[in-house]
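Read the structure below first, then the notes.
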Amino acid sequence: MPELPEVETTRRGIAPTIVGETVRRVIVRNRHLRHPVSASLARQLPGKCINAVKRRGKYLLLETGDGTVIVHLGMSGSLRIVADTAPPGKHDHVDIEFNNGHCLRLHDPRRFGLLLWTCADPLRHPLLRDIGMEPLTDGFSGDLLYEKSRGRRVAVKQFIMNANILAGVGNIYANEALFAAGIHPLRPAGRISRQRYHRLAHSIRQVLTAAIEQGGTTLRDFVNGEGKPGYFRQHLHVYDKGGLPCLDCSTPIRHISQGQRSTYYCGRCQH
DNA sequence: AGAGGTACCTGGCAGC
DNA sequence: TGCTGCCAGGTACCTC
């Protein structure tokens with residue numbers, strides 16, 4: 001499911017309910033996620049207060065004074081706020097219950113997500129320390145993409161989906177941003193001009209920002225903190241639109257496979 | 001170092 | 001109504 005806009009939507013949805021609240025209990029029904037949910041989480045988190053909910057790339061960070069819960073939603077995960085009396089459903093693997101009667105519930109059918117506890121600086125955790133630029137911060141620019149791409153033969157779509165280059169851009173928004181910038185997804189990253197990278201950086205920002213405003217994209221699973229879907233799907237131009245006419249030029253959208261992921265593009269608008 | 005392939009897991013859907 | 005195979009929003013790890 002979740003790329004940056006869905007994770008950010010989740011962050012905004014859950015923060016008002018849990019920031020300033022104290023954890024009463026942690027229930028782990030299935031610890032077999034991408035990494036096993038550590039036993040120390042259920043032991044250490046109760047009694048601690050959530051000071052902030054932050055995001056780094058597609059990771060959520062629930063910060064307490066002396067430790068952080070690192071959450072990743074994988075392909076199919078979602079976090080939502082429910083009453084602590086709400087009966088768990090299938091794939092509701094972890095509950096974090098608060099003193100105010102609310103419960104933060106992790107649902108993840110495919111179990112590619114993770115949830116772990118660290119007492120150290122989460123940004124230096126091995127899973128987070130190599131993550132690249134945040135596309136919605138002031139420091140992000142086409143210049144950075146241009147410089148990082150020199151000498152790279154990898155296709156530009158795979159380049160911008162590389163989390164060590166750029167944080168949070170997954171398959172949907174890579175497709176959409178390349179369409180918006182008029183760049184062909186198969187073009188080698190190292191053979192794109194500085195000017196075109198400026199345009200791409202602008203498109204990435206715009207697409208991500210617009211998606212956040214719509215509460216993210218729901219293809220199947222994604223729900224926000226209140227259990228509601230995102231509405232950006234109706235604003236997609238190419239993703240999952242193979243064979244349909246391009247909204248700009250009516251040429252049928254092409255569907256190919258790139259690095260075992262689906263790529264959609266307009267062969268006329270993107271070059 | 002970069003690039004490509006595979007593995008992890010469940011569920012939905014198309015086709016037979 | 002099955003059954004089978006393929007596909008899905010991600011990422012780590014292994015090879016070459």
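Predicted model only: the values in this text are computed from it and were never measured. Below, chains carry the letters A, B, ... as their sequence lines are ordered, and counting in each starts from 1.
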Using a 4.0 Å heavy-atom cut-off across all strands, classify A:Tyr59 as base, sugar-phosphate, or nothing. sugar-phosphate
Check every strand shown and say whether A:Tyr239 touches a base, only sugar-phosphate, or nothing at a heavy-atom separation below 4.0 Å. sugar-phosphate
Decide yes or no for A:Tyr239 and A:Thr217: does some side-chain heavy atom of the first lie under 4.5 Å from some side-chain heavy atom of the second? no
Salt bridge or not for A:Glu6 and A:Lys58, using N-O below 4.0 Å? no
Any N or O donor-acceptor pair under 3.5 Å from the base of B:dC9 to the side chain of A:Arg110? yes
Check the phosphate of B:dG5 against A:Gln260, side-chain N and O only, distance under 4.0 Å to OP1 or OP2. Yes or no? yes
Can you check the A:Arg220 CZ to C:dG10 P distance for me, whole Å? 14 Å
To the nearest Å, give me how far apart NE2 (A:His72) and C1' (B:dC9) are. 15 Å
Integer angstrom distance from the P of B:dC9 to that of C:dC3: 23 Å
State whether A:Lys58 places a side-chain N or O below 4.0 Å from either non-bridging phosphate oxygen (OP1 or OP2) of C:dG9. no
Pairing string, 5' to 3', for DNA chain C - Watson-Crick or wobble contacts under 3.5 Å, brackets [ ] where pairs cross, | to another strand: .|||||||.|||||||
Remember a base hit wins even if backbone is also touched, and classify A:His32 as base, sugar-phosphate or nothing at under 4.0 Å, heavy atoms. nothing
Please work out if A:Arg34 contacts a base, only the sugar-phosphate, or nothing of the nucleic acid, heavy-atom cut-off 4.0 Å. sugar-phosphate
Identify whether any heavy atom of A:Arg152 sits under 4.0 Å from a base atom; if not, whether one sits that close to sugar-phosphate; answer base, sugar-phosphate or nothing. sugar-phosphate
No-H, no-angle donor-acceptor pair, A:Arg153 side chain to B:dA3 base, under 3.5 Å: no
Nearest-angstrom distance from the residue atom CG of A:Asp108 to P of C:dT11: 13 Å
Rounded to the nearest Å, what distance is computed from the CG atom of residue A:Asn175 to the P atom of nucleotide C:dG10? 10 Å
